[in-house]
Amino acid sequence: MESMAPDDQPGTLIDETITSFTGRGADLLVECLVTAGVQVIFGLPGDTGVMFYDALAQRTGDVRHVLTRDERHAAIMADAYARATNEVGVVEVSSGGGCTYVIGGLGEAYASGVPVLVISSDIHESSRGSGALTEIDQIALFSAVTKWSARVDVAADIPGLLSEAMAQATTGRPGPVALIIAENVLDEGVSGLDLRSAPGRTTPRVPAHRPVPQVDEVETAAALIADARRPVLYAGSGVHSSGAANELLALAEKLSAPVATSIHGKGAIPETHELSLGVAGNNGGSPPANDALSEADVVLFVGTRANATDTNSFRSPPRSGVEVIHLDIDRSRAGRNYPGSLPLVGDAAATLRELVKKVAGRRTEPPWWTGRAARPEEFPPAPEGMIIPEEVVRQVAAVLGSDMTVVADPGTPTPNVAAYWTCTAPGRSVLIPRGHGPMGWAIPAAVGAALAVPDRPVVGFTADGSFAMASGELETIARLGLPICLIQMTNNSFGWIKMLQHLYAEKRYFGVDPGPIDAVAVAEASGLRALRAHDSEELREALRAFRNAPSPLYVDVTVPHMIDYLPPVPFWRDAVENGGARPVY
């Protein structure tokens, strides 16, 4: 198989052994995936993809296929795999239900800038337009959730189009791409195709290229930052995608400027560092981070959308009275949400290195943000048989430590993990879906994260609403024997929406109280060890067992409803204390 030796130039694949290829289109596709460095493919078979599965079955030593229970979950696994590795995650689906189901998983990856390759088989070309079973316009279908898609009409085109797909997924702002291959093309014979002549073959990693802004733009930004009295750096997921943690910290230390992060940027610098303000925004945002951003005179956004949730409805920082510099690899996003800001279009690491060179060192004593440290929150004791969410997160961190991958669902888990889980080392170790905030994300994401870094345990925080959407993948976790500990926070409702109705719809609760499901029984039936923790000691005991022998574990914890124990959501706390308005999304 082709591989890239350490001395090879990045992005090139060299192989002197394969001079030509003869076989089916399906075999050619697998050969090209292996050549490109793909090691794991998530999916489940359908009618139109039978030949692809036949080809995969003959290459199990080269690429691993992970059988999932649902195409949406397969996309989520590929998404989490990509976030954990900075490589392209690959998902395979078939025509009809397969490609329509996968859309739900791709939406989050698209909104969050995650490189995912969808390989979708399609009906036989001769059946197009006949109303064939599973027929659908896949190009149109994928258009809203991919940055590029193409249909393969000739098997010999597979190498070139796969190369283009990989390049599109990893160039500029990363994102999902789709390659659509009819079943007859997968079965088509190819003879004597020279693979070495396939154009543009690259390794599927981000960033594929590291552009930098014009020198004068960097100098202008450097001057603004250097002259600031109250500078703040705000890091998003672009820091992780670029591998720019060292450059970010170097600039922060040179400026003595504090660093806030979005949820996607969590861990951009160690949250134990003196310059870390923690997560900002309206979902788990800390008062020190939001306050510093609201008082800053210059804010440098690095690789973040800077949307309403990230900026506490454009209050941290405000849209006026502050100089904003927005560094992003996507020209359409740099400065988009802050009119009048200075856009810097380029790779985060490369551009931050240039800023470090241009910015003169400065030190203010004491630092201007001193005194904004978060005060310990006081909660009333939890009712008997319950544990408050903050305590759940803190207990997991205390027993298992921070050397693991964390995934979390929307709802109760997100703000509590964002606020109370501490990243002690730089890197993307916390995966939370904030592109669309889809429920049912954490359980399949845990699978992708565990396969991405096999020697690193995974802890997943989910909730009863999300569990009901994704419980089928518990069998996948058990079948694969993955080192995953799932903690379910149960409040027997769709808690986030019920809280919105409580605050902003005069407590008229509607459509938010489904019947209970015994998650422990379902997890046990799926092959996991499962239990219900009624207090902190029972939770700690279960966690210690997992720490000593990591293997599939499901723990159900009943937590108070948000109505009774407010999560760290600034707008909600303001609404309770001051009658504040709904947040802007």
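Counting from 1, the numbers follow the sequence of the chain as shown.
Residues Pro176 and Phe142 are not in side-chain contact: their nearest non-hydrogen atoms beyond the backbone lie 4.5 Å or more apart. The shortest side-chain heavy-atom distance between Asp328 and Val345 does not fall under the 4.5 Å cut-off. Val63 places none of its side-chain heavy atoms less than 4.5 Å from the side chain of Gln39. Val569 places a side-chain heavy atom less than 4.5 Å from the side chain of Trp496. Looking only at side-chain heavy atoms (C-beta outward), Leu33 and Ile119 come within less than 4.5 Å of each other. Under the 4.5 Å side-chain criterion, counting only non-hydrogen atoms from C-beta, Val396 is in contact with Ile487. The shortest side-chain heavy-atom distance between Leu162 and Cys32 falls under the 4.5 Å cut-off.
The residues Glu354 and Lys358 are annotated as not salt-bridged, no charged nitrogen and carboxylate oxygen being separated by less than 4.0 angstrom.
For Arg428 and Asn86, the side-chain atoms include at least one donor-acceptor pair closer than 3.5 Å. Under 3.5 Å, the side chains of Ser332 and Asp330 contain a donor-acceptor pair of N or O atoms. Between the side chains of Ser276 and Glu271, not a single donor N or O lies within less than 3.5 Å of an accepting N or O. Side chains of Asp310 and Ser262: a donor-acceptor N/O pair is absent below 3.5 angstrom, by distance only. Residues Asn282 and Thr309 bring no donor and acceptor atom of their side chains to less than 3.5 Å of each other.
Not a single donor-acceptor pair under 3.5 Å links the side chain of Lys147 to the backbone N or O of Pro174. In this structure, the side chain of His240 engages the main chain of Lys266 through a donor-acceptor pair within 3.5 Å.
Between His326 and Phe301, the angle of the ring planes lies from 30° to 60°, which puts this pair in the tilted group.
Taking both residues in full, the closest heavy atoms of Ala252 and Val259 are given as CB-CG2, 3.6 Å, listed atom of the first, atom of the second, then distance. Looking at every heavy atom in both residues, Gly281 comes nearest to Asn290 through N-OD1, 2.8 Å. The two residues Cys423 and Val430 come nearest to each other via the heavy atoms SG-CG2, 3.7 Å. Here the shortest heavy-atom pairing between Leu161 and Arg151 reads CD1-O, 4.1 Å. Residues Ala221 and Leu355 share a closest heavy-atom pair of CB-CD2, 4.0 Å. When all heavy atoms of Ala235 and Ala268 are compared, the pair lying nearest together is CB-CB, 3.7 Å.
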request  = Decide yes or no on side chain to side chain contact (heavy atoms under 4.5 Å, CB included) for Asn283 and Arg434, but give the supporting numbers first.
outcome  = CA-CA 10 Å; Asn283 199 331; Arg434 295 313 305 160; 3.4 Å; yes
key: Test log, rule side chain to side chain contact (heavy atoms under 4.5 Å, CB included), inputs Phe42 and Val90   = CA-CA 6 Å; Phe42 303 92; Val90 181; over 6 Å; no
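If you run side chain to side chain contact (heavy atoms under 4.5 Å, CB included) between Trp421 and each of Asn416, Ile432, Val406, only Val406 comes through.
Around atom OH of Tyr101, no more than 12 heavy atoms belonging to other residues, nucleotides or ligands sit under 6.0 Å away. Atom CD of Glu219 has more than 12 neighbouring heavy atoms from other residues, nucleotides or ligands inside a 6.0 Å radius. For CZ of Arg331, the number of neighbouring non-hydrogen atoms (other residues, nucleotides, ligands) closer than 6.0 Å is 12 at most. No more than 12 heavy atoms of other residues, nucleotides or ligands lie within 6.0 Å of CD in Glu323, so this atom counts as exposed by the packing criterion.
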Under 3.5 Å, sequence neighbours excluded: what are the donor-acceptor pairs made by side chains of residues 436-461?
from, atom 1, to, atom 2, distance (Å)
Arg456, NE, Met404, O, 3.4
Arg456, NE, Thr405, OG1, 3.0
Arg456, NH1, Asp403, OD1, 2.9
Arg456, NH2, Met404, O, 2.6

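Residues satisfying the salt bridge (charged side-chain N to carboxylate O under 4.0 Å, His left out) test with Glu108, not counting sequence neighbours, are Arg83.
If you take CG on Asp291 and CG on Leu277, they are separated by 9.5 Å, rounding to the nearest 0.5 Å.
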